[in-house]
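Source: prediction; values computed, not measured. Naming convention: chains lettered A, B, ... in sequence-line order (proteins, then strands); numbering from 1 in each chain. Only heavy atoms go into these numbers, but all of them, side chains included; no hydrogens, no water, no symmetry mates.
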2 protein chains.
Amino acid sequence: MNNLITYFNKYNTLSEEANKAISEICKPVIIKKNQDLQSIGHTCRTIYFIKKGVARIYYYKDEIEITECFAFENAIIARVESLFTGKPSRKAIQMIEDSELIGINSPKLFELYDKFPEIERLFRKIFEAAYVDTVNRVESIQFHSAEERYNALLKESPNVLQRVPLKYIASYLGITQVSLSRIRGIR
Amino acid sequence: MNNLITYFNKYNTLSEEANKAISEICKPVIIKKNQDLQSIGHTCRTIYFIKKGVARIYYYKDEIEITECFAFENAIIARVESLFTGKPSRKAIQMIEDSELIGINSPKLFELYDKFPEIERLFRKIFEAAYVDTVNRVESIQFHSAEERYNALLKESPNVLQRVPLKYIASYLGITQVSLSRIRGIR
DNA sequence: AGCAAAATTTATCATAAGATAAATAATCAG
DNA sequence: CTGATTATTTATCTTATGATAAATTTTGCT
């Protein structure tokens, strides 16, 4: 739990009782490489904190698998379009390496919001920051070339190449594997 | 204020006192067509509710003006990447028609969060919904053709063509004016 | 109304990325 | 370790969109 509390402190430091209340709705998850942590068609009821490993959210468009995002250690991952709407998700979360996570039960978390406004505030801030990242991602996809996006990704996550297969990176960048290979080949 | 309270009720119904507290930090804004409501370089300190008119957020990339989004009546608009980070915004908000808005002072709003958890919850839910929209927009930009995006926009906002110049729509769709004209010409 | 400015369309040519196929390299299971 | 599978690269050809320029239409001003 320590890593998670450190992560929380970046957004909103919680009281003892609030930390304890959250710890009671958390459970550890160990999962093997390439396994789905959450599968397509199910409604999101768990927010995950990554202690170890790499995650990606993916979905299918016209039979083709698309990677929506990656998440590394000490980050949170959830399919927000399901978490916030209560609708089943068309997306899945897969762990790219053998991983250790902490799962936070989201219906129970939302109940805690009533008793602990500080917890509601914490998650408000966490998701506000994620929202800002997504707004920036729209800009990046819309007005940078594939090559610019590739270079920006490397700068932001220098170890992504070591940990994530190129085929996943390609669809994340919005291009085909073949185009990514071409871009990489230039240098 | 009535429209605004109706809008709030879709997310979280507030007590009398909470509504009153919000009304005290609101002020009406009347603004002419093509005027900037908020300008580039300033930090966002107001969240706007549109009573009448159409707004867009825009910014510059390489001297070229880009429209990030549109907002119509009975919606909220803010440059969230500044609102949530406190940093100056590279973006501006412009009203495309003669408009009437309600401006909500955001620093004062955030103070109200301490006294009224219900207000914090209201805005949490408003921005969660906006976040989900943005996640969906990433998908739309990344994996639909320009023509598909154009048709999707028309379906979503059928009156956008009547109210918004095509040059703004083009950059919103991530294409040039000329390409948009070509797409429209096909039918 | 009538002119000027701005918006939109049309045309032409250039280019980045897609589709497909095939070759090579890396990884994994037994 | 080795063969089989999967991932990546390379090659060729096609296509959607960009860049630029010019023509046309619409809008706004006085």
Whole Å only: how far is the [atom1] atom of [X] from the [atom2] atom of [N]?
| X | N | atom1 | atom2 | result |
| --- | --- | --- | --- | --- |
| A/Ile175 | D/dT8 | CD1 | C1' | 13 Å |
| B/Glu63 | D/dT20 | CD | P | 13 Å |
| B/Glu147 | D/dG18 | CD | P | 14 Å |
| B/Ile183 | D/dA16 | CD1 | P | 10 Å |
| A/Asn34 | D/dT5 | CG | P | 18 Å |
| B/Ile96 | D/dT27 | CD1 | P | 15 Å |
| A/Arg182 | D/dA11 | CZ | C1' | 10 Å |
| A/Arg184 | D/dA7 | CZ | C1' | 11 Å |

With A/Phe116, which residues qualify under ring-ring contact (aromatic ring centres under 6.0 Å, His included), at least two apart?
none
Quick check on DNA chain D: between B/Lys33 and B/Arg149, whose nearest nucleotide comes earlier from the 5' end?
B/Arg149
By nearest-heavy-atom nucleotide on DNA chain D, the more 5' of B/Thr176 and A/Ser179 is A/Ser179
Minimum heavy-atom distance B/Tyr7-B/Tyr11, with the two atoms named
O-CD1, 3.5 Å
Taking all non-hydrogen atoms of both residues, which atom of A/Pro88 and which atom of A/Ser82 are closest, and how far apart?
C-OG, 4.2 Å
Please round to 10 degrees the angle between the axis of the first five pairs and the axis of the last five pairs in the helix from C/dA1-D/dT30 to C/dG30-D/dC1.
60°
Taking for each residue the nucleotide of DNA chain C with the nearest heavy atom, is it A/Val178 or A/His144 whose nucleotide lies nearer the 5' end?
A/His144
Show me the donor-acceptor pairs, under 3.5 Å and distance only, between side chains in residues 30-37 of chain A and residues at least two apart or in other chains.
from, atom 1, to, atom 2, distance (Å)
A/Asp36, OD1, A/Tyr58, OH, 3.0
A/Asp36, OD2, A/Tyr58, OH, 2.8

Please identify which of these residues, B/Glu24, B/Glu17, B/Glu16, meets the side chain to side chain donor-acceptor pair (under 3.5 Å) condition with B/Lys20.
B/Glu24
Please evaluate residues B/Arg163 and B/Glu97 with respect to the criterion side-chain contact (heavy atoms from CB on, under 4.5 Å), reporting the C-alpha separation (whole Å), side-chain torsions for both, the decisive distance (0.1 Å), and the verdict.
CA-CA 8 Å; B/Arg163 303 182 72 182; B/Glu97 302 174 349; 2.8 Å; yes
Could you check whether the rings of A/Phe143 and B/Tyr59 sit parallel, tilted or perpendicular, using 30° and 60° as the cut-offs?
perpendicular
Flag this pair as yes if the NZ/CZ of B/Arg149 is under 6.0 angstrom from the six-membered ring centre of B/Tyr172 and inside a 45 degree cone about the axis; otherwise no.
no
Does anyone know the first and last nucleotide of DNA chain C in reach of chain A, 5' to 3', at under 4.0 angstrom to a heavy atom?
C/dA17 to C/dC28
Using a strict heavy-atom distance below 4.0 Å, which residues from residues 157-169 of chain A are in contact with DNA chain D?
A/Pro165, A/Leu166, A/Lys167
Would you be so kind as to tabulate the donor-acceptor pairs closer than 3.5 Å made by side chains of residues 39-50 of chain A, with sequence neighbours excluded?
from, atom 1, to, atom 2, distance (Å)
A/Ser39, OG, A/His42, ND1, 3.1
A/Tyr48, OH, A/Gln38, NE2, 3.4

In Å, rounded to the nearest 0.5 Å, how long is the span from CD of B/Glu139 to OG1 of B/Thr134?
13.0 Å
Got a donor-acceptor contact below 3.5 angstrom from the A/Ser171 side chain to the A/Gly174 backbone?
no
